[in-house]
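In what follows, a structure is listed as structure tokens, so that the remarks can point back to it.
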Amino acid sequence: MTQPYDPYAPPPAGSPAPSTTPLYDAYATANQARRLRVPEGLATAVVVLSSVFLAVQILSTALSFGAVEAYAAAADPMDVFTAYDGVAGLLSAVMLAAFIVSCLWLNESRKFAVAVKPTYRHQRGPVWVWLGWVVPVVSLWFPYQVVRDVRRSTIRGSSGLAGWWSTWLIGNFASYQATLVTMRGEDPVMLPFYELVTAVALLISFVCWLRIVRELTAAQRAHVAALDGVAG
């Protein structure tokens, strides 16, 4: 038989103690909700610029087949300038823009993650959001750790990160080999092969990256909505 509710009865065993400062708790929750900002604009920019970068890379791959003959006939590969080389310059510019915007988004997402879960220990400090991609050697794993910790402290688990990072590294290695062909005059027949490997690897990496950005943005929205609901 259900017992009538007694407001003066002690709480059941094992239940959390009631807050002695309910007004303060409500204020703290509302204040945290105001401080959390989902970087949706930056997330959209990341997706757009990453898409443009991938499109230019695919164009570069298509043009590499026609550049083989020019490089094979040249005494000095530095004297060659084809449509492929022109697109390479565009690719570098788009990559720089994507790098800046992605780091801005990742920096804001890291701040969000710290606010949501301040007890989580991030393996790399905030400065590595930027430097991790460009410092030699550590660039092979520092960016992965930064993204992994942002995801783990915002969403449970780190699904999809291994596929994203491994294909990103493969794509960059193949791209470097293609650069050696154009700068040092190495076997130009291999140029389309390196470019094709780069395009395929970056396509897979882009799909994984798109999923990471979307899932983090959705989780950030959910956190803000939950806090707004409590604060309201």
Side-chain angles (χ1 to χ4, degrees), residues 38-62 90-114 116-117 120 122-124 126 128-179 193-223:
V38 179
E40 294 190 64
L42 287 172
T44 301
V46 167
V47 172
V48 170
L49 284 172
S50 298
S51 303
V52 173
F53 175 72
L54 178 62
V56 177
Q57 175 58 56
I58 292 173
L59 177 60
S60 177
T61 301
L90 175 61
L91 187 66
S92 298
V94 175
M95 186 175 187
L96 177 61
F99 164 75
I100 293 173
V101 172
S102 295
C103 287
L104 286 171
W105 170 77
L106 193 54
N107 187 62
E108 292 303 310
S109 294
R110 189 185 187 280
K111 290 179 182 178
F112 189 103
V114 170
V116 166
K117 198 171 184 180
Y120 184 89
H122 289 252
Q123 195 162 356
R124 304 299 165 195
W128 292 109
V129 170
W130 295 86
L131 294 184
W133 301 87
V134 296
V135 175
V137 183
V138 300
S139 61
L140 295 175
W141 71 90
F142 272 29
Y144 170 82
Q145 292 176 329
V146 170
V147 175
R148 178 202 62 196
D149 288 342
V150 168
R151 181 183 167 85
R152 282 182 177 176
S153 53
T154 309
I155 314 172
R156 288 185 178 180
S158 54
S159 175
L161 293 186
W164 157 66
W165 190 243
S166 60
T167 50
W168 171 256
L169 292 179
I170 292 171
N172 276 272
F173 176 77
S175 178
Y176 174 72
Q177 296 302 314
T179 302
F193 171 75
Y194 291 137
E195 286 287 342
L196 188 59
V197 172
T198 301
V200 172
L202 292 184
L203 173 60
I204 299 172
S205 182
F206 168 75
V207 172
C208 297
W209 180 239
L210 184 62
R211 178 184 174 186
I212 291 169
V213 174
R214 286 181 171 177
E215 288 184 348
L216 271 173
T217 302
Q220 290 164 351
R221 289 185 191 134
H223 279 296

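Since the structure is predicted, the reported quantities are computational estimates derived from the model, not experimental observations.
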Any side-chain to backbone donor/acceptor pair from His223 onto Thr154? Under 3.5 Å, distance only.
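Between the backbone of Thr154 and the side chain of His223 there is a qualifying donor-acceptor contact (under 3.5 Å).
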
Looking only at atom types and distance, does a side-chain atom of Ser166 sit under 3.5 Å from a main-chain N or O of Gly163, one as donor and one as acceptor?
yes

Can you tell me how far [atom2] of [Y] sits from [atom1] of [X], rounded to the nearest 0.5 angstrom?
X	Y	atom1	atom2	value
Cys103	Arg110	SG	CZ	13.0 Å
Arg151	Leu216	CZ	CG	6.5 Å
Leu161	Tyr144	CG	OH	5.0 Å
Phe112	Thr217	CZ	OG1	10.0 Å
Leu54	Leu91	CG	CG	10.0 Å

Would a 4.5 Å heavy-atom cut-off, applied to side chains only, mark [X] and [Y] as touching?
X	Y	value
Gln123	Arg148	yes
Trp133	Pro143	yes
Gln57	Glu195	yes
Trp165	Gln145	no
Val138	Val135	yes
Trp141	Leu169	no
Asn172	Trp168	yes
Pro39	Gln220	yes

Does atom OH (Tyr120) have a neighbourhood of more than 12 heavy atoms from anything else shown, all under 6.0 Å?
yes

Verify the neighbour count for atom CZ of Phe99: are there more than 12 heavy atoms of other residues, nucleotides or ligands below 6.0 Å?
yes

Distance-only criterion, 3.5 Å: show the donor-acceptor pairs between side-chain atoms of residues 197-209 and protein atoms not counting sequence neighbours.
unit_1 : atom_1 : unit_2 : atom_2 : d
Thr198 : OG1    : Ser175 : N      : 3.1
Thr198 : OG1    : Tyr194 : O      : 2.8
Ser205 : OG     : Trp164 : O      : 3.2

For Trp130 and Leu104, run side chain to side chain contact (heavy atoms under 4.5 Å, CB included): C-alpha distance rounded to whole Å, both residues' side-chain angles, the deciding distance at 0.1 Å, then the answer.
CA-CA 9 Å; Trp130 295 86; Leu104 286 171; 3.7 Å; yes

What pair of heavy atoms forms the shortest contact from Arg124 to Val146, and how long is it?
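Closest approach of Arg124 to Val146, heavy atoms only: CB-CG2, 4.0 Å.
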
Show every side chain to side chain donor-acceptor pair (under 3.5 Å) that has at least one partner inside residues 97-107, sequence neighbours left out.
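Applying side chain to side chain donor-acceptor pair (under 3.5 Å) to every pair that reaches into residues 97-107, excluding sequence neighbours, yields Trp105-Ser109.
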
State which residues pass side-chain hydrogen bond (donor to acceptor under 3.5 Å, both in side chains) with Arg214; sequence neighbours excluded, sorted by chain then number.
none

